[in-house]
Each structure stands twice: as structure tokens, then as C-alpha cells.
2 protein chains.
Amino acid sequence: MRISELGQAAGVNADTIRYYERTGLLPAPARQANGYRSYGPLHLERLAFIRHCRALDMPLAEIQQLLDFMARPDAACEGINHLVDAQLARVRARLESMRALERQLAALRGQCDANHTARKCGILHELVAAAHGEACACHPPAKAGKSA
Amino acid sequence: MRISELGQAAGVNADTIRYYERTGLLPAPARQANGYRSYGPLHLERLAFIRHCRALDMPLAEIQQLLDFMARPDAACEGINHLVDAQLARVRARLESMRALERQLAALRGQCDANHTARKCGILHELVAAAHGEACACHPPAKAGKSA
DNA sequence: CTTGACCTTGGTGTGGCTGCAAGGTTTCTA
DNA sequence: TAGAAACCTTGCAGCCACACCAAGGTCAAG
């Protein structure tokens, strides 16, 4: 299996596969005589696992830890639970701040209904006023999008 | 007002202020005789506006556009509405995929309750099985976190 | 024998910062 | 008056998880 075949089978860009190899997430495959990478079914399985975890939005470092657990099947699985708990907590925190964000944006959108000039636009006025007011509910504490 | 004072007033790192200046979001301030940046209240207002928009998770490029609208108050405000609509659509799309993600993670977490070995861990089994099954509901379409 | 599709390595760009290094300036304290 | 601490300056590297590109090698089909 060459890299593009593996990529197609897993729905992954070939660059991404090479990136995973560089960062140690995917083991370096054997090479053909011409230097091309040669993959087997185990690589596909591992790659699919990685992609599934990425679909759950886990960082690569945590996926690496899960793979380490799989390599030592006799170890206690407590760490696995912790990893999933942490991910779930991150997702829930982001979910909450995104919900607040959605409310704020919807309210903001409601400030302007028709076509005015920018000078009279309720959205712009609201944004300026909210930025000015120190006790704005949103921008001191939660950074909305990315922070856990 | 020096850079750290401005930063403290707006709750922003000084590096971030310099970054905004570099990228043209914040106008270059006057300099004192020693080369230190010297800010006035207008800078603070503009910076607060930027941070408020960032709290609404708008990309810097869109914030720049909003600032451009403010600079031309006689232009039609239609573009402003579009910007907010686009941001709202992005946020709602992410919200939806995050909700799906949260459900999946919660279900996954339910697979393991106590302390086993990794070999018997329901979470790990579930992850492997889900990655293996091609018709997995989550990982082909939605990339969850960051994609709009 | 050429065309086109594949592969290789290495480098750069993305967004929104954050941190560091090396040096200059100011301010406070002993 | 010296020295230390806290500021400031510029420029550059790193973060994450890739995507894209260039220059060149390889291979199968027409």
C-alpha cells in the first residue's frame, strides 16, 4: 500500500500521514526499492484510530497517550478514563461559552434590521457601547472560542 | 500612556498590542523621546473594541472590516450585517458539531466505569471498534472543533 | 518518448497570539 | 552614587494540526 492509497482508505491527506510519521504518531513504514513508503493493514488500523480520536477533537498528544495504553494492555486503564474525562470537560466548557457567544451574537444581530448608513447602524453602536462599558458581561472572563 | 498601562487598562498583553500594531489593526502611536510608545484614550477605545469583538470570536480580518466601516460612517451598513450574520452562522455550525461531539464523548465515557486493565477497558475497545467500522457516524463528515 | 500521475525531501504559511534574547531606559532603594 | 528591578525596544521562534508548494526522482500508459 502506497501513501496515497493509505490516505484514500482512511480519508486523510498524504501530507498528514507524513506529518504523523514525523511526529512519531504513526510508525515509519518499510520502504520499497525506489524509496516509496509501503504500508500494511496495521498502519491503516492505527491511522483510522487516530482519525477517529481527532474526530472527537482530541489533541495529538492525548491520542499518543491512548496509543501508549494500547501498547501496554496490562496496565491499569485509569489513565484512559482521565483522558476522556479531560476531553469531555474541555468540550463541555467550550460548548458553554459557545452558547453564550451565540446568544450575544443573536442579540447583536437584532440591533440592525434594515439598510442604514454605518453611522446609524445599531450593531456598530452596540459594539462600541459594549466595548466601552467596563462591566460588559462577556469580554473580561470567558475567551469564548479556544480556551479550555 | 505607555504600552503596559494600555495593556492593563484593556486587559491585554503588551505583546498582543504590538502584534495588533504590526498587523495594522491598531494605528502606530506617537513615540516619546526615548522611543517608548505613547498612547491616548482613542487607542484604548479602539483596543477595547477589538477585544470585545475577539470575545465574540470574530477573526481579526473581520474586526478590521468593522473598523473600516466605522471610519466611513456614511457608507451603507449592509456589510456590517453580513459580517455579523457570517459570524453567527460560523458559531452555530460549530455549536452543532460540538453538541454531537459532546454526546459521543459522553457515550464513550460510559463504556468504562471502574478500574480494569487497559486490555479490558471498554473505552479503548469502543474507540478501536468505532475506528474500524467504516460506517462510523462521526468521523467522515464533521471535523468537530475548528472548521466552520 | 513524452505525458501525466505518483513519490521524495524540505520549506513556508495559516491564526492569534506568547515567549525569549539582547540590549537600552527609567525608577527605586541602600 | 551605585546597583537592582522593572520597564521599554526590536526581532525572531514556537504553538497546533495540518495544507501547500517547489524541485526533482520514478513509473505506467499511449
Side-chain angles (χ1 to χ4, degrees), chain A residues 1-26 28-39 43 47 49-65 67 87 90 94 139 142-148, chain B residues 1-26 28-39 43 47 49-65 67 86-87 90-91 94 139 142-148:
Chain A
M1 221 185 199
R2 285 188 308 185
I3 195 168
S4 67
E5 299 174 279
L6 177 64
Q8 208 152 23
V12 179
N13 194 320
D15 283 331
T16 302
I17 297 174
R18 279 186 283 257
Y19 171 73
Y20 287 166
E21 181 182 330
R22 265 205 312 283
T23 58
L25 211 57
L26 208 55
R31 299 287 182 139
Q32 293 171 354
N34 55 17
Y36 290 10
R37 287 171 176 84
S38 178
Y39 294 96
H43 286 101
L47 181 55
F49 178 85
I50 294 170
R51 293 311 290 181
H52 182 72
C53 292
R54 282 294 298 137
L56 294 174
D57 208 23
M58 293 186 197
L60 295 184
E62 299 211 346
I63 300 175
Q64 180 69 67
Q65 291 183 54
L67 289 166
Q87 176 64 10
R90 269 197 301 272
R94 275 198 296 188
H139 82 249
K143 284 181 69 183
K146 39 260 320 184
S147 62
Chain B
M1 220 186 202
R2 287 189 306 185
I3 195 167
S4 67
E5 297 174 280
L6 177 63
Q8 208 152 22
V12 179
N13 193 320
D15 283 330
T16 301
I17 297 175
R18 280 186 281 258
Y19 171 74
Y20 287 166
E21 182 182 329
R22 266 204 311 283
T23 58
L25 212 59
L26 209 56
R31 298 288 181 137
Q32 293 172 354
N34 54 17
Y36 289 11
R37 288 172 176 81
S38 178
Y39 294 97
H43 285 100
L47 181 54
F49 178 85
I50 294 170
R51 294 310 291 180
H52 182 72
C53 292
R54 282 294 299 138
L56 294 174
D57 208 23
M58 292 187 199
L60 295 184
E62 299 211 346
I63 299 174
Q64 179 69 67
Q65 290 183 55
L67 290 166
Q87 176 64 10
R90 270 197 301 272
V91 166
R94 275 198 296 188
H139 81 250
K143 285 181 67 183
K146 38 261 318 185
S147 62

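All values derive from a computational prediction rather than experimental measurement. Lettering of chains follows the sequences in order, A, B, ..., and the numbering in each one begins at 1.
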Practice prompt. Provide, to the nearest angstrom, the distance between the CE atom belonging to B:Met58 and the P atom belonging to C:dC17.
Written response: 14 Å
Worksheet item: What are the two closest heavy atoms between B:Pro59 and B:Arg90, and how far apart are they?
Response: CD-NH2, 3.5 Å
Practice prompt. Would you kindly give the CZ-to-C1' distance between A:Arg37 and C:dC6, to the nearest whole Å?
Written response: 13 Å
Fill in: Closest to the A:Arg54 side chain, choosing from D:dA17, C:dC17, D:dT10
D:dA17
Practice prompt. Check whether any side-chain N or O of A:Arg51 sits under 4.0 Å from OP1 or OP2 of D:dA17, and answer yes or no.
Written response: no
Worksheet item: Given atom CG of B:Asn13 and atom C1' of D:dT9, what is their separation to the nearest angstrom?
Response: 15 Å
Fill in: Listed partners of A:Gln65 passing side chain to side chain donor-acceptor pair (under 3.5 Å), at least two apart
none
Worksheet entry | Nucleotide C:dG16, atom P - distance to CD1 of B:Ile63 in whole Å | 8 Å
Item to complete: Report yes if some heavy atom in the side chain of A:Asp57 is under 4.5 Å from a heavy atom in the side chain of A:Arg94; otherwise report no.
Response: yes
Discussion item. Let me test you: for the helix from C:dC1-D:dG30 to C:dA30-D:dT1, what is the angle between the axes at its two ends (five pairs each), rounded to 10 degrees?
Written reply: 20°
Fill in: side-chain contact (heavy atoms from CB on, under 4.5 Å) involving B:Tyr19 - partner list, sequence neighbours excluded
B:Arg22, B:Thr23, B:Leu60
Worksheet item: Looking at residues at least two apart in the chain, or sitting in another chain, which of them share a side chain to side chain donor-acceptor pair (under 3.5 Å) with B:Glu5?
Response: none
Worksheet item: Atom CD of A:Gln8 and atom P of C:dA5: how far apart are they, to the nearest Å?
Response: 14 Å
Worksheet, complete the sentence: Rounded to whole Å, the CG-C1' distance (A:Leu26 to D:dC18) equals 15 Å
Worksheet, complete the sentence: Per the under-4.0 Å heavy-atom filter, residues of residues 14-24 of chain B near DNA chain C come out as B:Asp15, B:Thr16, B:Tyr19, B:Tyr20
Discussion item. Quick check for you: among D:dA19, D:dA17, C:dC17, whose closest atom lies nearest to any side-chain atom of B:Leu60?
Written reply: C:dC17
Distances under 3.5 Å between nitrogen or oxygen atoms of protein and nucleotides 3-7 of chain D:
none

Worksheet entry | Any residue meeting side-chain contact (heavy atoms from CB on, under 4.5 Å) with B:Ser38, in chain and number order, not counting sequence neighbours | B:Gln32
Worksheet, complete the sentence: Taken in chain and number order and not counting sequence neighbours, the residues that satisfy side chain to side chain donor-acceptor pair (under 3.5 Å) with A:Arg18 are A:Asp15
Discussion item. Quick check: on DNA chain D, is the nucleotide nearest A:Asn34 upstream (toward 5') of the one nearest B:Arg31, or the reverse? Name the residue that is more 5'.
Written reply: B:Arg31
Discussion item. Going by the rule side chain to side chain donor-acceptor pair (under 3.5 Å), which residues pair with B:Gln64 if we only count those two or more places apart in sequence or in a different chain?
Written reply: B:Asp68
Discussion item. I'd like to check the side-chain contact (heavy atoms from CB on, under 4.5 Å) partners of A:Ala9; sequence neighbours left out, ordered by chain and number.
Written reply: A:Met1, A:Leu44
Worksheet item: What residues, two or more places apart in sequence or in another chain, satisfy ring-ring contact (aromatic ring centres under 6.0 Å, His included) together with B:Tyr39?
Response: B:His43
Worksheet item: Of the non-hydrogen atoms in B:Ile63 and B:Met58, which two are nearest, and what is the gap between them?
Response: CD1-O, 3.7 Å
